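In what follows, a single structure is set out as C-alpha cells and then discussed.
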Amino acid sequence: MNNVVPPSYTTLQVRMEEHVAWVAFNRPDKANAINQVMWDEIQACFEWLDQEPVVRAVVLCGEGRHFCAGIDLAMFAGLGGGENELERSRFVEQFRSVILRLQGNLTAIERCRKPVLAAIQGSCVGGGVDVISACDMRYCCDGVKFSIKEIDIGMVADVGTLQRLPHIIPAGVMRELAYTGRNVDAVEAERIGLVNQRFDSYEEMIEAVSALAQDIARKSPLAIRGCKQMLLYTRDHSVADALNYQATWNAGMLSFEDVMQAIAATSEGKTADFKD
C-alpha cells in the first residue's frame with residue numbers, strides 16, 4: 001500500500017487507490033466546463049502523474065451528472081481584435097499563443113506515460129471531446145451525449161479533437177460529426193469506436209473501469225510505459241520508422257528483471273510484484 005498524498009487543486013479532485021490515480025473534474029455546478037484555472041490544473045496534474053512512480057494507471061472522470069461540458073464560455077469574454085490593422089495583428093499573434101497554450105494543457109494527458117482511462121457520463125461536448133481524444137481508452141454509460149460542438153458557435157475545434165479523433169473513429173464519421181456538431185449517444189459511440197465499451201449504468205461503468213485500471217497497474221510499469229510510447233510513436237510515423245524505434249527502445253529499456261519475475265510468477269500461478 002502506498003502513502004502518496006496527491007497535490008490539491010481548485011478544479012480537480014485526485015485520489016489514489018493503490019497504484020491507480022482517480023482524477024475528477026470538480027466543477028459540477030458548471031457541468032465541469034473548463035475555465036482557465038482548470039486548463040492550467042489539468043496540465044499540472046498530469047505532469048505530476050507522469051513523474052510520480054507510484055502511479056501506474058489513471059482514471060479520468062467527472063463529478064456530478066456530467067463528464068465535461070466543454071470550454072467555459074466566460075473565457076470568450078473580451079475576444080474580438082483591435083479596431084485597426086496594427087491592433088488586429090497583435091491580437092492575432094496573442095490569440096494564437098493562447099490556443100497553443102490550451103493545446104499544451106491537454107497534450108499533457110497524452111504525454112503522461114501512464115495509461116489514461118476516461119469514464120464518461122452525461123455531457124461530453126466541445127472541449128470534453130478534446131480531453132477524451134487525448135486519453136488512451138474511453139468508456140461510457142447510457143445517457144451520455146458526445147458532440148464536437150465548436151461548429152455550432154462558428155468555430156473550428158482547435159485543441160486536439162480534429163487532430164486525434166481521426167485516429168480513433170472512421171474518417172467519414174469524423175467529418176460528419178465535425179461538420180454537423182450533432183449528438184452521438186452511447187450506443188452509437190460504441191458502434192463507431194469512440195468508446196471501448198458502453199455500460200447500462202454509471203455504477204457498472206465505474207466498477208468495470210476500476211477493475212481494468214487495477215489490472216493494468218499489476219503489469220510491469222516499465223513495459224506499460226513502453227507500450228504507450230510505442231503506440232503514440234507508431235501513430236505519427238511510418239511502419240519502418242516505428243519498427244526501428246521499437247528495436248532501439250527494447251535494446252535500451254527492456255528490463256530482464258521484470259521479464260524473469262513475470263515468467264516466474266506466471267509459472268507459479270501468482271501475480272508478480274514489480275518495482276515502481
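Owing to the predicted nature of the structure, the values given are computational and were not obtained by experimental measurement.
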Spell out, yes or no, whether Leu194 and Leu231 are grouped together once hydrophobic residues are joined by side-chain heavy atoms under 4.5 Å, including indirect joins. no
Non-hydrogen side-chain atoms of Arg88 and Val92 separated by less than 4.5 Å: yes
Hey, could you give me each pair passing salt bridge (charged side-chain N to carboxylate O under 4.0 Å, His left out) that has a residue in residues 44-53? Not counting sequence neighbours. Asp50-Arg113
Specify the closest pair of heavy atoms between Gln261 and Phe274, including all atoms of both residues, with the distance to one decimal. NE2-N, 3.8 Å
Would you give the length of the straight line joining atom CD1 of Ile151 to atom OH of Tyr179, rounded to the nearest 0.5 angstrom? 9.5 Å
Are Val184 and Leu177 close enough that some pair of their side-chain heavy atoms sits under 4.5 Å apart? yes
Any donor-acceptor pair under 3.5 Å linking the side chain of Gln103 with the backbone of Asp158? yes
Which heavy atom of Leu162 sits nearest to which heavy atom of Val156, and what is that distance? CD1-CG1, 3.6 Å
Please report the shortest heavy-atom distance between Ala272 and Ala262, naming the atom on each side. CB-CA, 4.3 Å
Where is the tightest heavy-atom contact between Ile34 and Trp39, given as atom of each residue plus distance? O-NE1, 3.4 Å
Within-4.5 Å side-chain heavy-atom neighbours: Val58 and Val23: yes
Applying side-chain contact (heavy atoms from CB on, under 4.5 Å), run through Val195 and Tyr139 and close with a yes or a no. CA-CA 5 Å; Val195 299; Tyr139 303 86; 5.7 Å; no
Quick one: list whatever passes side chain to side chain contact (heavy atoms under 4.5 Å, CB included) with Asn26, sequence neighbours left out. Gln13, Pro28, Glu63
Look at the side chain of Glu41 and the backbone N and O of Thr11, then say whether any donor-acceptor pair between them is shorter than 3.5 Å. yes
Pairs in or reaching into residues 233-255: which pass salt bridge (charged side-chain N to carboxylate O under 4.0 Å, His left out), with residues at least two apart or in two chains? Glu110-Arg235
Scanning both residues in full, the closest heavy-atom pair of Arg56 with Lys219 reads NH1-O, 3.9 Å
So the salt bridge (charged side-chain N to carboxylate O under 4.0 Å, His left out) pairs with at least one residue in residues 166-176 (sequence neighbours excluded) are Glu176-Arg182
Exercise answer: donor-acceptor pairs, residues 143-150 side-chain atoms, under 3.5 Å, sequence neighbours excluded:
unit_1: Ser147; atom_1: OG; unit_2: Gly181; atom_2: O; d: 2.7
unit_1: Lys149; atom_1: NZ; unit_2: Asp152; atom_2: OD2; d: 3.3

Starting at NZ of Lys30, measure out to SG of Cys68 and round the result to the nearest 0.5 Å. 14.0 Å
Please tell me whether Leu100 and Phe91 are part of a single hydrophobic cluster in this structure, the criterion being side-chain heavy atoms less than 4.5 Å apart. no
Arg15 atom CZ: more than 12 heavy-atom contacts under 6.0 Å: yes
Which residue pairs pass the ring-ring contact (aromatic ring centres under 6.0 Å, His included) test with at least one member in residues 229-260, sequence neighbours excluded? Tyr233-His237, Tyr233-Tyr245
Enter the distance from Ile168:CD1 to Arg164:CZ here, rounded to the nearest 0.5 Å. 9.0 Å
Pairs of donor and acceptor atoms involving the side chains of residues 118-136, under 3.5 Å and at least two apart or interchain, shall be tabulated with distances.
unit_1: Gln121; atom_1: NE2; unit_2: Gly62; atom_2: O; d: 2.9
unit_1: Gln121; atom_1: NE2; unit_2: Gly64; atom_2: O; d: 3.0
unit_1: Gln121; atom_1: NE2; unit_2: His66; atom_2: O; d: 3.4
unit_1: Ser123; atom_1: OG; unit_2: His66; atom_2: ND1; d: 3.3
unit_1: Asp130; atom_1: OD1; unit_2: Gly160; atom_2: N; d: 3.4
unit_1: Asp130; atom_1: OD1; unit_2: Thr161; atom_2: N; d: 2.8
unit_1: Asp130; atom_1: OD1; unit_2: Thr161; atom_2: OG1; d: 2.6
unit_1: Ser133; atom_1: OG; unit_2: Val129; atom_2: O; d: 2.7
unit_1: Asp136; atom_1: OD2; unit_2: Val116; atom_2: N; d: 2.8
unit_1: Asp136; atom_1: OD2; unit_2: Lys228; atom_2: NZ; d: 2.9

Distance only, no hydrogens: is a donor on one side chain within 3.5 Å (strictly under) of an acceptor on the other, for Thr10 and Arg27? no
Could you see if Val259 belongs to whatever hydrophobic cluster contains Ile224? Use Ile, Leu, Val, Met, Phe, Trp, Tyr and a side-chain cutoff under 4.5 Å. no
By side chain to side chain contact (heavy atoms under 4.5 Å, CB included) - contacts of Thr271 (at least two apart): Arg218
Heavy-atom side-chain contact between Val55 and Met16 under 4.5 Å: yes
Measure across Val20 and Ala217 and return the closest heavy-atom pair with its distance rounded to 0.1 Å. CG2-CB, 4.0 Å
Establish whether Val4 and Val14 are linked, either directly or via other cluster members, by ILVMFWY side-chain heavy-atom contacts under 4.5 Å. yes
If you look only at distance, which donor and acceptor atoms sit under 3.5 Å apart when one is on a side chain in residues 199-213 and the other is two or more places apart or in another chain?
unit_1: Asp200; atom_1: OD1; unit_2: Arg198; atom_2: NH1; d: 3.4
unit_1: Ser201; atom_1: OG; unit_2: Glu204; atom_2: N; d: 3.1
unit_1: Glu204; atom_1: OE1; unit_2: Asp200; atom_2: N; d: 3.4

Identify, with sequence neighbours excluded, every residue that meets side chain to side chain donor-acceptor pair (under 3.5 Å) alongside Asp40. Gln36
Does Leu243 have any side chain to side chain contact (heavy atoms under 4.5 Å, CB included) partners at least two apart in sequence or in another chain, and if so, which? Val239
May I ask you to say whether Glu93 pairs ionically with Arg96, meaning some side-chain N is under 4.0 Å from a carboxylate O? no
Approximate separation, where rounding is to 0.5 Å, of Arg138 CZ and Glu190 CD: 13.0 Å
Linked, directly or transitively: Leu73 and Val159 (ILVMFWY side chains, under 4.5 Å): yes
Near Met155 CE, under 6.0 Å, is it more than 12 heavy atoms from other residues, nucleotides or ligands? yes
Using the test side chain to side chain contact (heavy atoms under 4.5 Å, CB included), find all partners of Pro7 that sit at least two apart in sequence or belong to another chain. Tyr9, Trp48
